[in-house]
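Inspection log for the structure reproduced underneath, given as structure tokens.
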2 protein chains.
Amino acid sequence: MSTEKRPPLDRARVADTALKLLNEVGLDGLSLRAIARELDVKAPALYWHFKDKQALLDEMATEMYRRMVAGTALDPSDTWRERLLKANRGLRAALLGYRDGAKVYSGSRFTGLVHVEQMEETLRLFTAAGFTLAQAVRAQSTTYYYTLGFVTEEQGVEPLPGERRDGFDVAERARLMTDFPLSAAAGAEIFQDFDQHYEEGLALVLAGIEQQYRPTGP
Amino acid sequence: MSTEKRPPLDRARVADTALKLLNEVGLDGLSLRAIARELDVKAPALYWHFKDKQALLDEMATEMYRRMVAGTALDPSDTWRERLLKANRGLRAALLGYRDGAKVYSGSRFTGLVHVEQMEETLRLFTAAGFTLAQAVRAQSTTYYYTLGFVTEEQGVEPLPGERRDGFDVAERARLMTDFPLSAAAGAEIFQDFDQHYEEGLALVLAGIEQQYRPTGP
DNA sequence: ACCACCTCCTTAACGCTGTTAAGTGCCTGG
DNA sequence: CCAGGCACTTAACAGCGTTAAGGAGGTGGT
């Protein structure tokens, strides 16, 4: 008989299991009871480690952030362009790694100050390149908002890469819009080729930063 | 005794009441029972008009869109810049008009084709100004994603204009980050003056569109 | 050796949620 | 006058987040 002792839980193991489960059942299906079952524990046990469900979601978002940092090689000698490209591509990839990733992420707050180190490094890089602090923040924030908005909409159509939600057939959509030819044709530009379209949008924002702030560098 | 007869409900009245209630209780507090109570009806009655709660949320998002269109004066002789400015400021204002507005909006799909007319008009304007269709869509989408991401984050800090959520005291935040001076100073650039910072970010994106696509116009 | 204490979990229960099934009163058209 | 559909109610269900109370197991103090 299985008398093996489970080691006690900790926040990291709970968050890790919850993230795994998230990919199977989605945010709506992610109940504390389901997470607990996966951990071979009863739901109230989770309250020993988290004060409520939002605290667990916060930890999940924080863990997503940690994995993004770990998966994104940031070189201190990056140009500001390279840095923004890497950071935002890395963010998008991290969010796309989880079903409803963007929703979970944008609905939560980090536990602690995990993100500050990266932020400081990037702000240092930007100010060293000739940006004012305000400009550096604006450049970083604007690309961040773009990425967040993009992936939120993307995951509304494709919850996980390659896995399409119902009601987004581009041909069907075009058929309904025969009286609006431009909008009909736009479907392919909106609901397909997310990777390429993401890159084009990101390039637009970067071009705007370049053109408006024109850092000369030291 | 009040024998006055209520006229039967319809989707519009339900959505309207739900939007009013949303501002009082927020998305988490927006239960079908609460909406029904407001309409002097029992919860299952709502299922006569909507197949499930998501369908009601979809109708709410659609109504938000209609009010945005109604509140935004779009001139067919706008330049593409004016159009993007108006449309995105209008969207932000519409979303800020409701507690959790951005969440409700981005988590829903329009009922019917309400948005196509506007879209067609804007695409016509852009292509007439010298954009290719793909460029027009990219320009529109990129600003849209930026606005959606911005307001999502903004409402995470200020659920309604002027009403601040806990844990976002800029001074307190800076105190925790004394070891990271740039990040500490960045607080004021992130969690305050949303109106101005929104405009600056939007200007960045517009500058990028200008610089990348340089429409010459007919 | 014993008792006190802390950690980590269980059992039981609460009020609430979205949703379904069945039934009921009213209005309209035939 | 009756059939039938519309618009709703009543009752119920499974599941949710959350709280309270308690119990097992280990540690430290006297």
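Naming: A, B, ... by sequence-line order, numbering from 1 per chain.
Between dC8(C) and Trp48(A), a contact under 4.0 Å exists linking OP1 or OP2 to a side-chain N or O. Here His49(B) does not reach the OP1 or OP2 of dC6(D): none of its side-chain N or O atoms lies under 4.0 Å away.
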Tabulate atom names and distances for all N/O pairs under 3.5 angstrom spanning the protein and nucleotides 19-25 of chain C.
unit_1, atom_1, unit_2, atom_2, d
dT19(C), OP2, Tyr47(B), OH, 2.7
dT19(C), OP2, Lys53(B), N, 2.8
dT19(C), O5', Tyr47(B), OH, 2.9

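Under the 3.5 Å distance criterion, with hydrogens and angles disregarded, a donor-acceptor pair is assigned to the side chains of Glu120(B) and Ser183(A). In the model, Asp58(B) has no side-chain atom that pairs as donor or acceptor with a side-chain atom of Thr111(B) under 3.5 Å.
The NZ atom of Lys42(B) sits 10 Å away from the P atom of dA11(D) (whole-angstrom rounding). The interatomic distance linking Leu46(B) (CG) with dG18(C) (P) rounds to 10 Å, in whole Å. The nearest whole Å value for the distance from the CD1 atom in Ile35(B) to the P atom in dC16(C) is 16 Å.
The neighbour count for Gln192(A) CD, taken as heavy atoms of other residues, nucleotides or ligands under 6.0 Å away, is above 12.
Every pair tested for ring-ring contact (aromatic ring centres under 6.0 Å, His included) that includes a residue from residues 36-63 of chain A fails, sequence neighbours excluded, so the list is empty.
Within a heavy-atom distance below 4.0 Å of DNA chain D, the residues of residues 8-24 of chain B found are Pro8(B), Leu9(B).
Note: Phe150(B) and Phe194(B) have perpendicular aromatic rings, judged against thresholds of 30 and 60 degrees for the angle between ring planes.
Leu133(B) approaches Ala186(A) most closely through the heavy-atom pair CD2-N, 4.2 Å.
With Thr142(B) as reference, Val205(B) is the one residue of Val205(B), Val137(B), Leu84(B) to meet the side chain to side chain contact (heavy atoms under 4.5 Å, CB included) rule.
Judged by a 6.0 Å distance limit and a 45° cone about the ring axis, Arg92(B) is positioned over the six-membered ring of Tyr198(B).
Within 4.0 Å (heavy atoms only), Leu30(B) reaches sugar-phosphate atoms of the nucleic acid but no base atom.
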